[in-house]
Amino acid sequence: MKINVLRGSLVTGVLAVLGSLLFAIPANAAGYDDCTEGLCLYSAADGGSATGLPVEKFTTTDPNAEWYAASYSTRKHWDDKTVSVSNRTNQWVCFYADDRLGGAVEAVAPKSQRNLVDLKGKVSGHKFAPSQGMCFTGYERCPVDMLCFFQEPSGRGPMFSTNTLRTSYTASWSDKIRSVRNRTATTACFYKDPDFKGVWDTMYDGKASSFGVISGDSTTLSRDFDLSFDSHKFADTLEGCAV
């Protein structure tokens, strides 16, 4: 009986150890299996955790929800922590080195999971997009009936929106604008200097003019105009921008 009891205890102990191993091994080996919907972020390769952070899950692609979670400012514990991702959505996921869609970009296809390459451990924000190409623009952030300007090309980086004229810009925006979207009903006229002064060689009806962006248009500024705006007003037409 003693032998049987000892054997029974030994078998029970072995099964307990095996049971704990069987429980632990799939947790690591399964990797991405704990991500069943939405977007999941991991702090180690292949869906693992190196820092003790639990998996971070985003289950909505709704553009009205924290602007696609574009900035990790409310999730500082995940800033520069993402190493691998699982994208269970039907959208592309666009990852950014800086918040507000700024800095370098890495795109992850729908219904895929992988380790990040260029932005491994460098992600500060993301958005969802219907195509890979849309990862490289952020113009859609501009609200209806507003004029928006951005500190990076293609509507990315910090954004400022307004529907009123500005006789001058603050230090944060003076000579900082690199792209523009105009969702107002009028033409936006930009100038080199405060008080709607300072023009370029662009000509309308033989007159030197400001830089005009018509209603509904968006543009990345060319070399001649890049980082040179310091005031703007509105006009009914491009000709109205002339000075």
Side-chain angles (χ1 to χ4, degrees), residues 61-68 70-71 91-92 94 96 98-103 105 107 125 127-243:
T61 60
D62 180 0
N64 296 313
E66 297 185 67
W67 207 104
Y68 291 150
S71 173
Q91 300 278 301
W92 283 81
C94 318
Y96 300 91
D98 302 331
D99 57 8
R100 294 175 287 187
L101 314 187
V105 187
K127 75 170 183 179
F128 295 95
S131 67
Q132 185 176 11
M134 288 294 291
C135 289
F136 297 90
T137 179
Y139 289 124
E140 65 269 41
R141 290 182 292 164
C142 186
V144 175
D145 298 325
M146 301 295 281
L147 171 67
C148 300
F149 31 90
F150 309 85
Q151 291 186 4
E152 292 189 25
S154 301
R156 294 181 49 231
M159 178 188 80
F160 181 81
S161 60
T162 181
N163 56 12
T164 61
L165 60 80
R166 298 278 170 152
T167 58
S168 64
Y169 297 152
T170 64
S172 299
W173 286 97
S174 177
D175 298 331
K176 300 289 197 306
I177 298 171
R178 307 202 70 183
S179 55
V180 177
R181 184 174 189 187
N182 182 10
R183 298 192 71 184
T184 73
T186 57
T187 295
C189 310
F190 290 91
Y191 301 84
K192 284 184 178 181
D193 304 318
D195 299 318
F196 321 128
K197 298 177 181 178
V199 295
W200 294 267
D201 292 334
T202 305
M203 307 294 286
Y204 296 113
D205 293 336
K207 298 179 180 178
S209 175
S210 69
F211 183 89
V213 180
I214 64 174
S215 175
D217 201 9
S218 55
T219 182
T220 292
L221 303 179
S222 64
R223 182 181 300 176
D224 291 339
F225 306 101
D226 191 35
L227 303 174
S228 63
F229 293 171
D230 209 7
S231 62
H232 75 265
K233 67 179 182 180
F234 296 95
D236 292 334
T237 64
L238 281 172
E239 287 75 12
C241 293
V243 294

Which heavy atom in [X] sits nearest to a heavy atom in [Y], and how many Å separate them?
| X | Y | answer |
| --- | --- | --- |
| Lys127 | Gly138 | NZ-CA, 4.2 Å |
| Ser210 | Val199 | N-CG1, 4.0 Å |
| Pro153 | Ser179 | C-OG, 3.8 Å |
| Pro143 | Met159 | CD-CE, 4.4 Å |
| Leu221 | Ile177 | CD1-O, 3.5 Å |
| Leu238 | Val213 | CD2-N, 4.5 Å |

If you measure from [atom1] on [X] to [atom2] on [Y], what distance do you get to the nearest 0.5 Å?
| X | Y | atom1 | atom2 | result |
| --- | --- | --- | --- | --- |
| Ser161 | Asp145 | OG | CG | 11.5 Å |
| Cys135 | Arg156 | SG | CZ | 9.5 Å |
| Thr187 | Glu239 | OG1 | CD | 8.5 Å |

Backbone of [Y] reached by a side-chain donor or acceptor of [X] within 3.5 Å:
| X | Y | answer |
| --- | --- | --- |
| Ser174 | Tyr169 | no |
| Gln151 | Gly102 | no |
| Glu152 | Gly103 | yes |
| Lys176 | Ala171 | yes |
| Thr184 | Thr186 | yes |
| Arg181 | Cys148 | no |

Suppose the criterion is side-chain hydrogen bond (donor to acceptor under 3.5 Å, both in side chains): which pairs have a residue in residues 218-228, not counting sequence neighbours?
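Non-adjacent pairs meeting side-chain hydrogen bond (donor to acceptor under 3.5 Å, both in side chains): Tyr139-Thr220, Arg178-Asp226.
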Going by ring-ring contact (aromatic ring centres under 6.0 Å, His included), Phe229 matches just one of Trp173, Tyr191, Trp200. Which one?
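Testing Phe229 for a ring-ring contact (aromatic ring centres under 6.0 Å, His included) against Trp173, Tyr191, Trp200 leaves exactly one candidate, Trp200.
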By side-chain contact (heavy atoms from CB on, under 4.5 Å), which residues pair with Thr162, not counting sequence neighbours?
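Expected list: Phe149, Phe160, Thr164, Arg166, His232.
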Determine whether Phe196 and Thr167 make a side-chain contact, defined as any pair of heavy atoms from C-beta on separated by less than 4.5 Å.
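Yes, side chains in contact.
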Phe190 vs Val180 side-chain heavy atoms within contact, under 4.5 Å
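Result yes, sub-4.5 Å side-chain heavy-atom pair found.
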